[in-house]
Structures are given as structure tokens and as C-alpha cells.
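Below: one structure, written as C-alpha cells.
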Amino acid sequence: MTVRRGRLERSPLSLSCDVAIVGSGAGGSMAAYELAGRGLSVVVLEEGAYHRPRQFDQREEHMLPSLFRELGGQRTDDLSLLVLSGRGVGGSTVHNTNLCKRTAPEILAHWREEFGLSGLETATLDPLFAEVESLLGVVPIRPEQLSSHNAVFKRGVEALGHAGGMLSHNRDDRCIGSGFCELGCAYDGKKNALRVLLPEAMRRGAVVVSDARVDRVVYDDRRASAVRGRLLDEHGVPRGDFEVRCEAVCLAGSAIGSASVALRSGLPDPHQQIGRHLHLHPGVAVAGRFEERVEGWRGIPQSYECTEFLDLSPGSERRAWILPSFAHPVGTATVTPGFGPRLLSAMRAYPHLGVLAAMVHDVTEGRVYLEGDRTRIAYVPGASDRAQLALGAREASRILLAAGARDVMMPGVPPATIRTEAELEEITEERFHPHDVPLTAVHPMGSMRMGTDPRSSVVDATGRLHTMDNVWVTDGSLFPTSIGTPPQLSIYTFALKVARGLELA
Amino acid sequence: MRLGVGGALLLGAGGVLAYQSSGYELPVAAREALYALSPKEYLVVQAVASRMLRADEPVEGQAAYPSPEELGVASSIDVFVARLDDANRRDLRRLLHVVEHLLPLGAGYASRFTRLSGSEQDRVLEAMETSPVGLLRGAFNALKALCAMGFFSHPLTWGPLGYDGPMVARPPAGWVETARLSRERAS
Ligand SMILES: Cc1cc2nc3c(=O)[nH]c(=O)nc-3n(C[C@H](O)[C@H](O)[C@H](O)COP(=O)(O)OP(=O)(O)OC[C@H]3O[C@@H](n4cnc5c(N)ncnc54)[C@H](O)[C@@H]3O)c2cc1C
Ligand code: SF4
């Protein structure tokens, strides 16, 4: 595929098209694929660089800064929560771990009832989900693909008689189970935006420009006429300008990037909804130390889940999804307690660790906002979500102990070492005030949410801004609430739905 | 913003303290090799990294860790800082000045961080790690993450960890072997 590189383009770059798409991740790539397939001329602008599989060298110090926003160090404004999201052609689908789940029926029912959204019935969405699954080759992970780390987790879940099972993914037989998914796949085993949707969109005539950061949507009254921004050099430093004149705009820069562009552009927002209602699925990790060598870095990183503590119905007080979460050495050291000899000594247990994360289907609502020119994220888990983090950490620790861990370490100030029931019971909400325990989030969503009431939402059921005639949102920003499960399949599917309904006036 | 008044004031002070730059000498070659940090900031980073990554005593049969100085951790952090966007780079540089001038005072030392003994520096870092000011704890974690990136990304640290590194650097183990290994462990 031929991506036009903003770092090499002559400046100012001037293009025109029917639809300008901001961002090339799950949502942007699907919109480009669909709209180009309908015969519309499409230009996709992507802030990050274009990488090919041979460039994914499995080195954290190269790949984290290259593939993630803010070099992999994006945090909430109080620095208490690390928010990982992608930056580059293919967006977060380049480095995600490929789990695929449909939006749960309980969530869709809640969106219909609470937000008055029509067209979200199972009968309408199931065919779209099926279409996306077929396009991306979504299949169940086979039992023989279970890594040793996931097998340890499964052992613990089964020993406790908890609900659990194998997951589905969008990898094919090019995947050799190297375990480096979060650093990009050198074997091109992921059937993602980069491998499937963007090449097909380009075959259908779409133009993809990398290193091109959209700064604003140009509009007059209710109509956008162009997007403008900066071409970036290989260090991400602006080196020139571009303008893409268009009949319509799709914002697909992720729940953080899209809200940021909308705010920068000053798009009409009479009820100040843009950027609000951000959900993140905050997660906490605990590490069990085993006698056996687990070698958690090998194999498909996540293939088994525990759903015992996940009930997605509204008002539920079981909102923790537990799954393996092993990191390479840099990532592991970052959350291992202490420093100096204590840290380095603890790291020697690396091959013997089993690490689980509990991700919370959050009710906390954060916000994306601008501070001068800077995009900021405000998010502090509320008491109810802190209780869920505690539930998740406690039950993940219990699973590790049931799987045979000698002890379980929960990072934090102070860190906890857990061996007994009494120590498990000490993991309570009180331990989860900001900065007490390192938290990570990888699923930003909901900052430009759908709804029928413009006083409490940004876009309507078709994904179009209430205040604009030709600006749509086609990424995770759309979701009215947290979805509680891995979001990519939902994002791909909603982007397809929005793009299919998009009409040029 | 939820920095907390204490945190915001501290970082603001970091901007002012940046002007105190006397007494920080680096050889010309080392100074010229810097991408983003001033000599003073580089020396603070070097001092922090040297305590953050101080090796343990290996027990018999265990490989020893290399030192952060051998691996040039402070230089890798300098390169990383050069890639940060302006706002994050400014915050990080301010933080280094706070570490150098203000945090020692908070821990009871009337001296710059770079002039304290190793164990005194440890106490300053401990105070930062457990500070009641949330932003400082967050800043500690950010500094630690930088140090971890400079250190644990280096192949010489992988022996002591028992980690065999990227698979692209050697013939792929192949799916079959990985799967067999998993099955054996699962059974
Ligand atoms: C480590 C990790 C693992 C994950 N694993 C899974 C998983 O297993 N399953 C799952 O379902 N989900 C997973 N996710 C989440 C999933 O990848 C994301 O939810 C999904 O990709 C989000 O889609 P999106 O279209 O909203 O944004 P993204 O895919 O993040 O794409 C947004 C793109 O827009 C670009 N952009 C932003 N602003 C601008 C601008 N102003 N101008 C130009 N371009 C811009 C960004 O650079 C980025 O490339 C994971 C995420 C991470 C970080
Ligand atoms: S586990 Fe599979 S998909 Fe992930 S990086 Fe390795 S080969 Fe690629």
C-alpha cells in the first residue's frame, strides 16, 4: 500500500475530496473502507507515522515512543493514571492485543432505553458485527494457542470454579505466538486496520496521509468546508501546513484526539458536552510469584478471561473483568514497587511471574479539555469504581493464589504482599485513592457521545454532530457509556454503521 | 486541573529554579552530546538514575546487573526527552529542578540533591515516592518509568532477568514449539 508521508510532502499540501477523515485507527480505517467502497473520494489524515511489519523490532524503547501518543507516557492531568492509546497509521489497532467481543446486549439495551437511541437493536446490529468479524477474520483462539501464562490463569479460574473461557481474536496463521503484540506485529499476524482495512480503502481510491496532524475543522455556521493542520517531520515537529477541502468530515482521532480537534476548532457546543463523559476502563495489575518458570512474555498475550465478576447490567456492583496482563521488562519494572536494590532484586522474579489485570467497566466520567494548546485528560475514579478496582485486585490475587502462586504483589504506596485470606480482605476501596496504586487504561471512549438530547450528548444516533450538518464521529468517542468489554469490534462496527448512513447534502 | 495547589506551586517553582545553574560542570564532549537537557539537568538525571537503578547483591549463581552509568541511562533519557512535545518537556525539566533544589529541603537537607550522599538521596526519593502531594508521587513514577526505559531496554540487563529478548533477533521459535510448551505446562 502507498501511504503519502507528510514528512516528505511538499508544503503547503492542498487536497480536496468528498470526505476528510481525521485519524486512521479502528474507526477511521473502517469509515475510509466503507466510504471509498461507496465511490466517495476520501482523504485520511493521520498524525502519526506509517510503519511496516519489518519495522516492529520488539524493542520497548523503540516501539512504545513510536506507536503511542506522548511516546507512551500519556497520563491524566494529576499524573495518577497512564492512558495508552495509539498514534500512527492503523492507530491503536497496530499495538492492541486483538481481542474481539461484540457490544453486550445489556449495554445496547441501556443505550436504547436511557439515551433514546434507535437502530441499536440486536437484529440491526448483529449482521453488521458479523460483517466486520468476517472482514477481520475474527475466530476463537484455539486451545493449543493458550500460552503458559494464560494456562496458569485458567488453572486458577478453574480451581475456584469461576466463570471463564477462551476469547476470540483477529489474528490468522501468520501469528507465531511471539508475544510482542503491544509493540506491533513483526509477522503481520494481525488482521487490523493496517493490514486489512487501509490497504483495501486505498485500492478503492482513498488517499492516506501520515505525519499529518489536523488542528482544526474549518466551518461556517453548520457546515464544515475543510480541515487544516500541520505536516510533521520524523520527530513529530511541524514542518509545513496542509489543507483538505471537503464536503464532509469524519472525526476518528480516538476519544481523546477527536474531542481535542473538536474543541480546538471551536465547533458549536452550546451545552458544553464535547470532551465530557469520558470513560477509560481503568485497570489495576497484580503479580503472583510462582515456583515454576511461567515466562509470561511468550505466546498470545491474552487468550482466556474470567467473567465471574463482570455483570454489565445497569447499576451492577460486579464490574471487574479479569485477564492476563504481562508486560515486557520496561513495562514490568515501571509498576514493580520500590527503587534501587529492592526494585532490581524483585525484577529477578520476572520469568516466574503471573500477572493479571482487573479492568473496570467504569461509571466515573472524566473529561478531555484544552489547556492552552495542550490536550489534557481529567479523570479520578469515583468511590464506586474504586470499590470495583479493589474487587478486581482482590479476586485476581485470589485466582493467582489458587493457581499456586507463592504470594501476590500489589504495587502501590505502600505495596501489599498477599498470601492469606486476611490479607486479601485488606484490599479495599480505601487503597485506591489517586496515586496509591498505579492504574493504567487502554480503552478511552465516550467523549463525544451519542444521544437524542443535545443537552447531554454531542452526536445523534447516526453519529452526526447535533450542531453541524456535515461532521460525523466514527470512533470510540461515540459510546454513551463505558462498554465493559474490549472496544475495538464495537468501534469498527459503529464506524461502519455511521459511514453507511452518511449522506452528502 | 487537579494538580493540587501544592503540586502546581512546586512545578511553578521549578521554572524559577532553572535559573540557578552555577556549579554544574560537564566535560565539553559530554555537554556537546546533549540533545535536550542542560548540563545541570543531565547531572540531576544521572544522580537520580544512579540511585533508582542501584544494583542488588546477586546471590550465588545469579548474574550481576550492569550499572546505569555503564549503560549510559542518563544519555538515553536525554534522547527521550528530546522527543517529547514542548509541554511535556517543559514539565519534566521543571521537575528536575524541583528534585535538585526543593525536595532535599522537604526531606530535611539544606543541600542540592546532586551534592547529597547516596543514602541521603535515597531518603529524598523515598519521601517523593510516598509524598502526601499526589503530583509528586505521580512525578516519582514518571521519573522511575524514564529510568526503567533507559535501563531495562538494554540487553545487558536481560541476563539477570532471565529474559531472552526480541524474537526477531533470532530464528523464530515457531508456533508449534510455543504451543507444545504451553500444552506441557497446562497439563
Ligand atoms: C495496549 C493496548 C491493547 C489493547 N487491546 C485491545 C484488545 O485486545 N481488544 C480491543 O477491543 N481493544 C483493545 N485496545 C483498544 C483498542 O485498540 C482501541 O479502543 C481502538 O483502537 C480505538 O479506536 P479509535 O478509532 O477510537 O482510535 P485509535 O485506534 O486510537 O485511532 C486514532 C488515531 O487517530 C490519530 N489522531 C488523533 N488525533 C489526530 C489529529 N488531530 N490528526 C490526525 N490524526 C489524529 C491517532 O494518531 C490514532 O492513530 C487496546 C489498546 C491498547 C493501548
Ligand atoms: S503473538 Fe502473534 S499477533 Fe502478537 S506479535 Fe506475536 S506473532 Fe504477532
Side-chain angles (χ1 to χ4, degrees), chain A residues 56-61 64-65 70-71 73 75 77-80 144-148 150-152 154-155 175-180 186-187 235-236 292-293 297-299 328-330 332-334 339-345 347-348 350-351 371-374 376 378 380 413-414 434-435 438, chain B residues 1-4 7 51-58 62 65 76 80 82-85 87-88 122 125-126 129-130 134-135 137-139 141-142 144-154 157-158 160-163 165-169 172-175 178-186:
Chain A
F56 300 132
D57 68 1
Q58 305 179 338
R59 299 284 299 250
E60 289 172 280
E61 76 279 24
L64 295 174
E70 299 192 17
L71 312 186
R75 285 175 184 269
D77 56 9
D78 67 354
L79 302 183
S80 67
E144 69 271 21
Q145 291 177 311
L146 194 74
S147 72
S148 51
N150 280 263
V152 164
K154 180 169 179 276
R155 191 166 78 204
C175 165
I176 64 158
S178 74
F180 286 92
Y187 312 95
H235 307 295
E292 71 203 86
R293 275 179 77 90
W297 65 88
R298 292 191 207 287
H328 286 94
V330 172
T332 303
T334 303
F339 64 90
R342 201 165 131 229
L343 169 67
L344 271 62
S345 172
M347 283 295 290
R348 288 185 188 273
Y350 187 63
E371 183 184 273
D373 210 26
R374 194 174 189 183
R376 300 292 245 163
V380 178
V413 181
H435 301 284
Chain B
M1 283 257 286
R2 287 204 179 76
L3 296 184
R51 300 315 294 177
M52 281 271 194
L53 303 166
R54 194 161 62 88
D56 56 349
E57 282 297 327
Q62 284 183 335
Y65 281 107
S76 353
F80 184 87
R83 293 181 67 182
L84 284 172
D85 59 67
N88 278 314
D122 284 350
L125 290 176
E126 267 157 33
E129 187 184 19
T130 56
L135 186 70
R137 280 203 241 172
N141 288 332
K144 180 170 158 183
L146 280 179
C147 291
M149 179 80 90
F151 189 71
F152 286 106
S153 60
H154 201 289
T157 62
W158 298 342
L161 294 189
Y163 169 64
M167 211 175 242
V168 282
W175 180 256
T178 313
R180 183 165 8 95
L181 193 75
S182 312
R183 267 203 305 277
E184 281 166 12
R185 296 224 165 91

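Here is how names work: the chains are called A, B, and so on, in the same order as the sequence lines, proteins then strands, and each is numbered from 1. Note that these values count all heavy atoms, side chains included, but never hydrogens, waters or copies made by symmetry.
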(request) Could you tell me how the ring of Y163(B) sits relative to the ring of F180(A): parallel (under 30°), tilted (30 to 60°) or perpendicular (over 60°)? (result) tilted
(message) Under 4.5 Å from any heavy atom of chain A, what part of F80(B) do you find: side chain, backbone, both or neither?
(response) both
(message) Under 4.5 Å from any heavy atom of chain A, what part of E126(B) do you find: side chain, backbone, both or neither?
(response) both
(request) Please report the shortest heavy-atom distance between A148(B) and A333(A), naming the atom on each side. (result) CB-CB, 4.0 Å
(message) I need the minimum non-hydrogen distance between R348(A) and D56(B), along with the two atoms involved.
(response) NE-OD2, 2.8 Å
(request) Heavy atoms only: give me the nearest M167(B)-Q58(A) pair and the separation to one decimal. (result) N-OE1, 2.5 Å
(message) Return the CZ to NE2 distance between R59(A) and H154(B), rounded to the nearest 0.5 Å.
(response) 8.0 Å
(request) Quick one: closest heavy-atom pair of A87(B) and R374(A), and the distance? (result) CB-NE, 3.2 Å
(request) Name the member of E70(A), M347(A), E60(A), H435(A) that forms the most heavy-atom pairs with chain B at distances under 4.5 Å. (result) H435(A)
(request) Compare every heavy atom of P65(A) with every heavy atom of R83(B), then report the nearest pair and how far apart it is. (result) NH1-CB, 3.8 Å
(request) Identify which part of L343(A) has an atom lying under 4.5 Å from any heavy atom of chain B, answering side chain, backbone, both or neither. (result) side chain
(message) Between R293(A) and G162(B) (side chain of the first, backbone of the second, donor and acceptor by atom type, cut-off under 3.5 Å), is there such a pair?
(response) yes
(request) Drop me the distance from L71(A)'s CG to N88(B)'s CG, to the nearest 0.5 angstrom. (result) 8.0 Å
(request) Could you look at L146(B) and say if it's the side chain, the backbone, both or neither that has a heavy atom under 4.5 Å from chain A? (result) neither
(message) Let's go through H328(A) and F152(B) carefully: what are the C-alpha distance in whole Å and the side-chain angles of both, what is the deciding distance for side chain to side chain contact (heavy atoms under 4.5 Å, CB included) to 0.1 Å, and is it a yes or a no?
(response) CA-CA 9 Å; H328(A) 286 94; F152(B) 286 106; over 6 Å; no
(request) In sequence, state the C-alpha distance, the side-chain angles, and the governing distance for L344(A) and R54(B), and then conclude on side chain to side chain contact (heavy atoms under 4.5 Å, CB included). (result) CA-CA 8 Å; L344(A) 271 62; R54(B) 194 161 62 88; over 6 Å; no
(request) With a 4.5 angstrom heavy-atom cut-off, could you sort out which part of S80(A) is near chain B: side chain, backbone, both or neither? (result) neither
(message) For a side chain to side chain contact (heavy atoms under 4.5 Å, CB included) check, start with the C-alpha distance between R137(B) and L79(A), then their side-chain angles and the critical distance, and finish with the verdict.
(response) CA-CA 8 Å; R137(B) 280 203 241 172; L79(A) 302 183; over 6 Å; no
(message) For the CG atom of L135(B) and the CG atom of D78(A), what is their distance to the nearest 0.5 Å?
(response) 8.0 Å
